[in-house]
There are 2 protein chains.
Amino acid sequence: MDQKDGFDLQIFLPYLLNQAAEESSIAFQEVYKSRYGMLRTEWRVLFHLGIYGEMTATEIGSRARMHKTKISRAVQKLEDRRLLKRVRDAKDRRAERLSLTDAGRVVYADLREVAAQYDARLTDRFSSDDVARLRDMLLILSTPR
Amino acid sequence: MDQKDGFDLQIFLPYLLNQAAEESSIAFQEVYKSRYGMLRTEWRVLFHLGIYGEMTATEIGSRARMHKTKISRAVQKLEDRRLLKRVRDAKDRRAERLSLTDAGRVVYADLREVAAQYDARLTDRFSSDDVARLRDMLLILSTPR
DNA sequence: GATTGTTAGTTACAAAATCAACCATTACAG
DNA sequence: CTGTAATGGTTGATTTTGTAACTAACAATC
């Protein structure tokens with residue numbers, strides 16, 4: 001099984017990024033899944049509300065680049081579990097302002113702590129300069145041009 | 001929508017990696033999807049065979065860290081399209097040795113060229129030192145520890 | 001050489017993501 | 001105003017993925 005070809009999958013950036021993203025998500029996923037039965041879309045919505053406070057589904061969608069149907073279903077589930085509440089916007093009655101309930105904030109605080117420690121553990125094998133540069137580059141790569 | 005919280009999703013590595021992976025895959029996905037009607041698993045299998053020559057499904061799976069059912073289905077589709085052929089292994093008749101057909105090699109050569117150019121376009125905004133360091137770090141992050 | 005355990009790969013069923021169509025409301029053009 | 005387009009969000013149908021259970025072949029033990 002030697003390499004027979006000049007091309008190397010292991011340096012193809014989209015592939016590498018995908019592998020790194022998947023591997024580095026596993027242990028965190030394990031936590032939000034087993035501890036709260038959440039899906040990826042769900043913790044993302046939760047975090048957006050935890051971090052930014054009140055937002056609409058569309059705002060979350062454009063910030064997280066998630067499709068609106070994903071968000072709609074995640075919001076529904078979080079609401080069912082009483083982690084999130086919706087209030088119809090008075091000025092634009094199509095929109096609803098989403099925010100966390102007290103219970104939601106507790107869950108968020110817990111997961112936020114897990115995330116912070118997990119992130120620290122992921123990055124502690126690199127110098128802080130390297131990590132900073134890595135984050136910069138990833139942010140640039142995440143931005144559509 | 002100011003930040004109300006000390007934590008920032010935009011520096012959480014698994015999130016960042018995911019965003020970068022997704023964004024940086026879009027345009028390439030567009031090509032293999034529209035040009036050959038392929039799925040991500042399918043081009044991955046195709047590339048593995050294109051790069052490494054003959055392999056078994058299990059070998060591809062462990063190298064790409066893809067579940068065997070995904071591979072089984074991708075192999076099936078590639079075979080249906082006559083891009084891949086299977087030969088039962090004589091020494092171990094459970095296994096099958098997979099390889100590309102001539103048609104498969106043509107498709108691979110085309111996509112490989114697209115990938116190389118695409119990768120160049122993704123990385124041309126960074127210094128080559130930075131890109132090298134980025135690849136190193138991503139490879140480390142992709143490896144289970 | 002039977003028994004038990006493992007490995008390669010497939011298949012059936014459940015969970016989730018995608019896509020298109022949809023309703024309600026708002027924005028905008030004439 | 002009125003008709004048409006655009007926006008916020010939901011729903012249903014289809015596709016894709018994930019999980020478990022399965023068959024067939026091999027390996028190891030007794």
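Each chain gets a letter, A, B and so on, in the order the sequences are listed, and its residues count up from 1.
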Student: For the residue pair B:Phe12 and A:Phe47, categorise the inter-ring angle as parallel (less than 30°), tilted (30 to 60°) or perpendicular (more than 60°).
Tutor: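 Answer is parallel, since the angle falls under 30°.
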Student: Checking salt bridge (charged side-chain N to carboxylate O under 4.0 Å, His left out) for the pair A:Asp92/A:Arg94: CA distance, chi angles, key distance, verdict?
Tutor: CA-CA 5 Å; A:Asp92 183 346; A:Arg94 292 167 302 182; 2.8 Å; yes
Student: Using the closest heavy atom to pick a nucleotide of DNA chain C for each, name whichever of A:Ala90 or A:Lys77 lands nearer the 5' end.
Tutor: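 Residue closer to the 5' terminus by nearest nucleotide: A:Lys77.
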Student: Between B:Thr41 and A:Lys68, just flag the one whose closest nucleotide in DNA chain D comes earlier from the 5' side.
Tutor: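 The 5'-side residue here is A:Lys68.
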Student: Rounded to the nearest angstrom, tell me the gap between atom NE2 in B:His67 and atom C1' in C:dT10.
Tutor: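 Roughly 11 Å, once rounded to whole Å.
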Student: Send over the distance from B:Met55 CE to C:dG9 C1', rounded to a whole Å.
Tutor: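 After rounding, the gap between these two atoms is 16 Å.
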Student: Atom CD1 of A:Ile71 and atom C1' of C:dA17: how far apart are they, to the nearest Å?
Tutor: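 After rounding, the reported distance stands at 14 Å.
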Student: From CE of A:Met66 over to C1' of C:dA17, roughly how many Å is that when rounded to an integer?
Tutor: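 My rounded result for the distance is 12 Å.
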Student: Donor-acceptor pair, distance only, cut-off 3.5 Å: does the side chain of B:Glu59 make one with the backbone of B:Thr56?
Tutor: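 Checked: pair present.
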Student: Tell me yes or no: between the side chains of A:Glu113 and A:Gln117, is some donor less than 3.5 Å from an acceptor?
Tutor: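 Result is yes, a qualifying pair exists.
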Student: Just how far, in rounded Å, is P of C:dT10 from CG of B:Asp80?
Tutor: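 That distance rounds to 12 Å.
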Student: Taking B:Asp119 first and then B:Arg135, would you say they form a salt bridge - that is, a charged N and a carboxylate O separated by under 4.0 Å?
Tutor: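 B:Arg135 and B:Asp119: salt-bridged.
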Student: To the nearest angstrom, how far is A:Arg86 atom CZ from C:dA24 atom C1'?
Tutor: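 Atom CZ in A:Arg86 sits about 15 Å away from atom C1' in C:dA24.
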Student: Ignoring hydrogens, what is the shortest heavy-atom contact between B:Leu111 and B:Val31? Give both atom names and the distance.
Tutor: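 The pair with the smallest heavy-atom distance is CD2-CG1, 4.0 Å.
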Student: Indicate, with a heavy-atom threshold strictly under 4.0 Å, whether B:Glu96 touches base, sugar-phosphate, or nothing.
Tutor: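 Sugar-phosphate: the residue B:Glu96, judged by heavy atoms under 4.0 Å, touches backbone atoms but no base.
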Student: For a 4.0 angstrom threshold against heavy atoms of chain A, report the outermost contacting nucleotides of DNA chain D in 5' to 3' order.
Tutor: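 Answer, 5' to 3': D:dA6 to D:dT19.
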Student: Before giving the answer on salt bridge (charged side-chain N to carboxylate O under 4.0 Å, His left out), spell out for A:Arg112 and B:Asp5 the whole-Å C-alpha distance, their side-chain angles and the decisive distance to 0.1 Å.
Tutor: CA-CA 10 Å; A:Arg112 173 207 144 127; B:Asp5 187 88; 2.6 Å; yes
Student: Would you indicate, yes or no, if C:dG9 has its OP1 or OP2 atom less than 4.0 angstrom from a side-chain nitrogen or oxygen of B:Ser72?
Tutor: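 No, outside the criterion.
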Student: Which whole-number value in Å describes the distance from B:Glu79 CD to C:dG9 P?
Tutor: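 Computing the B:Glu79:CD to C:dG9:P distance gives 13 Å.
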Student: May I ask you to say what A:Thr69 touches in the nucleic acid, namely base, sugar-phosphate or nothing, with a heavy-atom cut-off under 4.0 Å?
Tutor: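 Here A:Thr69 touches the bases of the nucleic acid.
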Student: Of all the choices, C:dT18, C:dT6, C:dT11, which nucleotide is nearest to the side chain of B:Arg73 once you look at every atom?
Tutor: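 Side chain of B:Arg73 sits closest to C:dT11.
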Student: With the side chain of B:Arg94 defined as its heavy atoms from C-beta on, choose the nearest nucleotide among C:dG9, C:dT25, C:dT6.
Tutor: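 For the B:Arg94 side chain, the nearest candidate turns out to be C:dT6.
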Student: For the pair made of CG in A:Leu39 and P in C:dA15, what is the distance, rounded to whole Å?
Tutor: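 Those two atoms, CG and P, are 12 Å apart.
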Student: For C:dT25, does the base pair up with any side-chain atom of A:Arg93 as donor and acceptor (N or O, under 3.5 Å, distance only)?
Tutor: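 No, no donor-acceptor pair under 3.5 Å.
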